[in-house]
Amino acid sequence: IPNPQSPIPNPQSPIPTNEICLKILIIGDTFVGKTSLLLKYCDGECPDTHMATIGVEFKDKKIKLNDREIKLQIWDTSGQERFRSITQNFYRNADGIIFVFDVTKTETFNHIKDWLLDAQVEDSDIKRILVGNKTDLAENRVIDKTKMESFAETKKMKSFETSAKNGSNVDLIFTEIASLILANKTEKEINELYTKNPQNLSISSELTDPKKGRQCC
């Protein structure tokens, strides 16, 4: 499990000077589809099965936003209680957080308020959005869009529906969180982001190793 205080730069690549680096966390209960959203966004595919995230996993993706080169460092955190103390360390210095629940499981929606407190962002300047995932399972849906939007409004967050399986709104949520982060920064703060040391991060192969157990995404 990586140490959040010790970033590991890629020694093979020079540090780019024209690239903004933003740290984004994906938070929520186990098996709400956090890893699937990440893999769909970064790799263009959602595995049918995968193992629960252990601690924290990583991927990054470069995008262009408002004529600026942006590198998103996306941190996929474990939803398991036994890893809470570890994942809490990764909340530090986050630029944005995506809170994810499963629209087919009421308890994952109810737990969002706990994740908000856990991340201690209720009154912070960290940009955050709420995501209801697995909308492709319409016949099993128990949390409707109106309920999600109402809750998000009370927490001063934007909300989105997604499906990692069919890709619905997946690109949108990452572009939106990046836009919110940059919109909240001054030109001086944005220029300072150019000096951040980007990391070479990747998702562990254990997530999709069939020999290590499987769960639905």
Side-chain angles (χ1 to χ4, degrees), residues 4 19-29 32-44 46 53 56-79 87-88 90-103 108-109 112-113 115-135 145 148-149 151-164 167-187 189-190 192-194 196 198-199 201 203:
E19 184 180 85
I20 296 175
C21 193
L22 302 179
K23 176 182 176 181
I24 297 171
L25 306 186
I26 309 177
I27 293 175
D29 284 4
V32 296
K34 301 186 300 295
T35 301
S36 296
L37 288 169
L38 177 60
L39 294 177
K40 186 69 172 181
Y41 180 61
C42 292
D43 298 340
C46 172
T53 300
V56 179
E57 302 288 348
F58 309 93
K59 259 192 182 296
D60 55 30
K61 182 165 181 173
K62 296 181 181 180
I63 63 173
K64 193 165 187 177
L65 187 64
N66 299 330
D67 296 321
R68 298 180 188 273
E69 297 295 329
I70 313 291
K71 182 174 183 178
L72 304 181
Q73 293 181 355
I74 308 170
W75 302 44
D76 172 25
T77 62
S78 173
T87 57
Q88 283 176 342
F90 289 82
Y91 298 151
R92 300 191 189 102
N93 302 317
D95 295 300
I97 300 180
I98 299 174
F99 294 90
V100 183
F101 71 93
D102 179 346
V103 297
T108 67
F109 175 74
I112 290 296
K113 63 180 183 298
W115 286 110
L116 284 166
L117 292 173
D118 196 46
Q120 297 181 342
V121 296
E122 284 280 8
D123 299 311
S124 77
D125 291 329
I126 298 175
K127 297 296 106 177
R128 56 220 170 101
I129 61 175
L130 178 65
V131 170
N133 191 37
K134 302 191 182 182
T135 56
K145 186 176 182 179
M148 176 185 71
E149 290 177 337
F151 174 80
E153 186 176 352
T154 65
K155 300 300 182 181
K156 299 179 181 180
M157 295 189 293
K158 288 188 175 183
S159 60
F160 301 87
E161 297 182 322
T162 60
S163 168
S168 175
N169 288 340
V170 173
D171 287 358
L172 174 63
I173 62 173
F174 290 99
T175 301
E176 180 66 25
I177 193 72
S179 297
L180 288 173
I181 294 167
L182 293 182
N184 194 49
K185 294 186 181 296
T186 65
E187 192 65 26
E189 289 172 329
I190 290 175
E192 288 174 350
L193 288 172
Y194 280 110
K196 278 190 176 182
Q199 303 172 34
L201 305 175
I203 287 289

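Treat the numbers as computed from the prediction; the structure is a model and nothing was measured.
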* Can you name the residues that form a ring-ring contact (aromatic ring centres under 6.0 Å, His included) with Phe151, not counting sequence neighbours? ->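 Once residues adjacent in sequence are excluded, the partners of Phe151 under the ring-ring contact (aromatic ring centres under 6.0 Å, His included) criterion are Phe109.
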
Distance from [X] atom [atom1] to [Y] atom [atom2], nearest 0.5 Å?
X: Ile173; Y: Thr162; atom1: CD1; atom2: OG1; value: 5.0 Å
X: Lys34; Y: Ile26; atom1: NZ; atom2: CD1; value: 8.5 Å
X: Ile63; Y: Ser179; atom1: CD1; atom2: OG; value: 7.0 Å
X: Glu161; Y: Leu130; atom1: CD; atom2: CG; value: 10.5 Å
X: Lys127; Y: Leu182; atom1: NZ; atom2: CG; value: 11.5 Å
X: Lys71; Y: Ile20; atom1: NZ; atom2: CD1; value: 13.5 Å

Looking only at heavy atoms, which two atoms of [X] and [Y] are closest? And how far apart?
X: Glu149; Y: Ser159; answer: CG-OG, 3.4 Å
X: Asp60; Y: Gln73; answer: CB-CA, 4.3 Å
X: Ala119; Y: Ile27; answer: CB-CD1, 4.2 Å
X: Ser163; Y: Val170; answer: O-CG2, 3.6 Å

* To do: Could you check Ile181, Ile24, Asp95 and say which one makes a side-chain contact (heavy atoms from CB on, under 4.5 Å) with Leu72?
  =>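 The passing option is Ile24.
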
Check: [Y] and [X] side chains under 4.5 Å, non-hydrogen atoms:
X: Asp102; Y: Asp29; result: no
X: Ile98; Y: Phe160; result: no
X: Ile74; Y: Tyr41; result: yes
X: Lys155; Y: Leu116; result: yes
X: Met157; Y: Phe99; result: yes
X: Asp76; Y: Thr35; result: yes
X: Asp43; Y: Lys59; result: yes

* With sequence neighbours left out, what residues match Thr108 under side chain to side chain donor-acceptor pair (under 3.5 Å)? ->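 Thr108: no side chain to side chain donor-acceptor pair (under 3.5 Å) contacts found.
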
* Asked: Would Ile190 and Arg68 count as a side chain to side chain contact (heavy atoms under 4.5 Å, CB included) if you check the C-alpha gap in whole Å, the side-chain angles of each, and the deciding distance to 0.1 Å?
  -> CA-CA 10 Å; Ile190 290 175; Arg68 298 180 188 273; 3.6 Å; yes

* Considering residues, nucleotides and ligands other than Lys158, do more than 12 of their heavy atoms fall under 6.0 Å from its NZ? ->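 Open.
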
* To do: Please confirm whether Lys61 makes a cation-pi placement over Phe174, using NZ or CZ under 6.0 Å from the six-membered ring centre and within 45° of the ring normal.
  =>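 Ring-cation test returns no.
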
* Check: Val100 main-chain N/O paired with Asn133 side-chain donor or acceptor under 3.5 Å ->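 No: the side chain of Asn133 does not pair with the backbone of Val100.
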
